[in-house]
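Quick notes on the structure that follows.
Letters A, B, ... mirror the listed sequences (proteins, then strands); counts begin at 1.
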There are 2 protein chains.
Amino acid sequence: MLTIRDIAAKAGVSVSTASRALNNNPRISQATRERIQKLAAAEGYLPNYNAKNLTAGEANAVGVVFPTTAHTVPENPFYIDLLRGINAQLVQRHYVLSVAISATADELLKNVQSMVAQGKIKRFILFYAHEDDPIADYLRQQHLRFVTIGQPDQQHNDLFVDNDNLQAGIGGATFLLDQLHVKHPVFVESDHDWAYEHQRREGYARVAARFNVNPLTCKLGELNRVRAFIKRHPEIDGIMATDDFNGIEFYRLLRETVAVNHFPIVSFNRSLPAGLTDADLHSVDLFPEKMGNAATVLLFSDREPLATPTPGQIRIPYAIG
Amino acid sequence: MLTIRDIAAKAGVSVSTASRALNNNPRISQATRERIQKLAAAEGYLPNYNAKNLTAGEANAVGVVFPTTAHTVPENPFYIDLLRGINAQLVQRHYVLSVAISATADELLKNVQSMVAQGKIKRFILFYAHEDDPIADYLRQQHLRFVTIGQPDQQHNDLFVDNDNLQAGIGGATFLLDQLHVKHPVFVESDHDWAYEHQRREGYARVAARFNVNPLTCKLGELNRVRAFIKRHPEIDGIMATDDFNGIEFYRLLRETVAVNHFPIVSFNRSLPAGLTDADLHSVDLFPEKMGNAATVLLFSDREPLATPTPGQIRIPYAIG
DNA sequence: AAAAATTCTGCAAACCGTTGCACAAGGGCT
DNA sequence: AGCCCTTGTGCAACGGTTTGCAGAATTTTT
């Protein structure tokens, strides 16, 4: 194993000079610095991060915390893309991505605490934004840096990255009404009252108003209630859903009564392969990978100031595909 | 920050004694060991893993490598469950889960190499089993321990965990023919020729033979070919698919010609929420979380011998839900 | 030419554990 | 009493890197 001592010896300098040269310390002359860096690169020297971490008192790792319950099945592909985006940023910084994932909140907290206490991990990304979250509380109390995915509790002003759900709602609805020529849309949401659903609905409502169209809305849940709703609204000729699953579920119920085909649906966050439905399914792409990127950049913004000054939050735009 | 020196001082012993006591070294008397462990626990002492790793020359981390292509959407929920299973085992061992995930094979390899060289990670789990995989080659060449999820290349005898796909195929087919009383089943698979699909098909074929039923099979792909297939086989009264997506896609095409309802489908690895289809959808559960558990146990089997001797591979049974 | 200021480099300690080796204490044996 | 063996403990070095401080070398100033 090649150590910094070997490099120092080959370069004919002391270990401390080598160390400083490799870390671009301005106290080492430009010439020496370059010479040593070239040498190190040529020899294939790579620093031992365990040693680095020991002296730094901080690990070169970012903790990524998954929500406890997998309930949110629809979000799964989203998580993977987030991981991609985050890791792409981390490798550049010679950081490693460590995940905390557990069945219960208790275990999860222990997992995170151990990362902090034993592993000296000082930076985290939370894959959820809950109110009164014990993990977030703990991190705040320890004065550790973290970014949440999704807009968190307003009262602490934590760092977060979120979609611009309002704009995405506006964009999706405009596409549905304008491009797909839908006259009698229905907005379909889950029965969870999630914040992002409200925001998307608000966007939809605004566009509906602009197009002079009735902003019909249906919340999923008890099937017969939904069926009754559909019976009452035979005029529906297009669906805007908060995600693919909700959209397709509503469509299935709709087709129990009316024989339609190639029916226009606009949803968010494409999470299903084509070919699963004969609907004319469009999706507002929310770029989870970009969210991962942005979250990481924000997480390191204490060291590496952001290009554009931002107030501790980033909103990712959307696109329709 | 509480260090081992503090504990040693409070206990009135030397640092080395404290270290040995905490690591259950038999050279320290039972009495002293217990006394020091109690004290450490009471004081809330937690060892610094960066220091431990430095002396050990190995990090307390397992690298989890995702396949490059995200396209494999169907498998996503599976990955999350795997992570769960793995992490549950790791926390017990005071290990951390580090992921490597990248868009391109090149970057992924670099990612892994950096984990090894800089991070001193010595154990890996691969979330795929490809032939001639550069990552696996690299790990073998470095004599590092790794376990693949799914049965790998036979010629190297790597460690792996896989489903018992043959048995699962038998189980699923039996359920379809016996419980759901299907007389004219069709086995639907993707056009990727994946190994697990062959194995499941083999199970299906055996059961078909036993039930004296024609082992009809259809490979997805070009839609009109599939439609023609369906036209030729109006007798089909049940589907066995290699995953939910394939099953539902075939079902959709089927319904273009025949108006069926509550149609029996048996697939594998439930990855869709109910409510998306009106088919009578059953799934053979392959317990990805258990696979994660097993993979981890296998990964550490050099230190912690397995309860039941196994030949470097574990097969996870299935259940039908 | 000498002094001062500036720039560059090296020594050694520090980070926090583990571990080889030596030594001390205690017991049993002849 | 003297010796050996066993058991328990401590000293000090080690792992690979960073960094405060001091000293050497070079340049600038007077």
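Distances shown here put a side-chain N or O of S14(A) below 4.0 Å from the OP1 or OP2 atom of dG10(C). Taking 4.0 angstrom as the limit, K52(A) places a side-chain polar atom (N or O) nearer than this to OP1 or OP2 of dT18(D). Listed pair S19(A) / dT18(D) meets the phosphate criterion, a side-chain N or O lying under 4.0 Å from OP1 or OP2.
The side chain of T17(A) approaches dG10(C) more closely than any other nucleotide in the set dG17(C), dG10(C), dT17(D). The side chain of V13(B) lies closest to dG10(D), out of dG10(D), dG17(C), dT9(D). Of all nucleotides listed (dT18(D), dT9(D), dG17(C)), dT9(D) comes nearest to the side chain of I28(B). With distances taken from any side-chain atom of R5(B) to the nucleotides dG16(D), dC16(C), dT9(D), the minimum falls on dC16(C).
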Output a table of nitrogen or oxygen pairs between the protein and nucleotides 21-24 of chain D separated by less than 3.5 Å.
| residue | atom | partner | partner atom | Å |
| --- | --- | --- | --- | --- |
| dC21(D) | N4 | R27(A) | NH1 | 3.4 |
| dC21(D) | N4 | R27(A) | NH2 | 2.9 |
| dA22(D) | N6 | R27(A) | NH2 | 3.2 |

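Put simply, CG on L22(B) is 12 Å from C1' on dT18(C), counting in whole angstrom units. Summarising the geometry, the separation between CG on L54(B) and P on dA13(D) is reported as 18 Å, rounded to the nearest angstrom. I36(B) places its CD1 atom 12 Å from the C1' atom of dG10(D), with the value rounded to the nearest Å. The separation between N23(B) atom CG and dT19(C) atom P is 7 Å, rounded to whole Å. The interatomic distance linking L2(A) (CG) with dT17(D) (P) rounds to 9 Å, in whole Å. When rounded to the nearest whole Å, the span between CD of E58(B) and P of dG15(D) equals 18 Å. Atom CZ in R33(B) sits about 11 Å away from atom C1' in dG8(D), given to the nearest Å. Between Y45(B) atom OH and dG17(C) atom C1' the separation is 7 Å, expressed in whole Å.
Ring planes of F66(A) and Y79(A): perpendicular class, angle over 60° (limits at 30 and 60°).
Axis deviation across the helix from dA1(C)-dT30(D) to dT30(C)-dA1(D) amounts to 60°, comparing end segments of five pairs, rounded to 10 degrees.
Within 4.0 Å (heavy atoms only), S29(A) reaches sugar-phosphate atoms of the nucleic acid but no base atom. Within 4.0 Å (heavy atoms only), Y49(B) reaches no atom of the nucleic acid at all. Residue T3(B) is classed as a sugar-phosphate contact, given heavy-atom separations below 4.0 Å to backbone atoms only.
Shown are N87(A), L97(A), I121(A), I125(A); of these, the side chain to side chain contact (heavy atoms under 4.5 Å, CB included) with V62(A) is made only by I125(A). Under the salt bridge (Lys or Arg N to Asp or Glu O under 4.0 Å) rule, E58(A) has a single partner from K120(A), K122(A), R123(A), which is R123(A).
Within a 6.0 Å sphere centred on CG of N157(A), heavy atoms belonging to other residues, nucleotides or ligands number 12 at most.
Applying the side chain to side chain donor-acceptor pair (under 3.5 Å) test to residues at least two apart or on different chains, the pairs with a partner in residues 95-110 of chain A are Y95(A)-R303(A).
Nearest heavy atoms, A100(A) versus V112(A): CB-CG2, 4.1 Å. Pairing each heavy atom of P317(A) with each of F287(A), the nearest pair is O-CD1, 3.5 Å. In terms of heavy-atom proximity, A136(A) sits nearest to L126(A) at CB-CD1, 4.2 Å. Taking both residues in full, the closest heavy atoms of I101(A) and L83(B) are given as CG2-O, 3.8 Å, listed atom of the first, atom of the second, then distance. Closest approach of L299(B) and F146(B) over heavy atoms only: CD1-CA, 3.9 Å. Taking all atoms of both residues into account, the shortest heavy-atom contact from G292(A) to L82(A) is N-CD2, 3.7 Å.
Remark: the S16(B) side chain and the dC11(D) base include a donor-acceptor N/O pair separated by less than 3.5 Å.
With the nearest nucleotide of DNA chain C identified for both P47(B) and A18(A), A18(A) has the one nearer the 5' end. Remark on DNA chain D: of its neighbouring residues A51(B) and P26(B), the 5'-side contact belongs to P26(B), judged by nearest-heavy-atom nucleotide.
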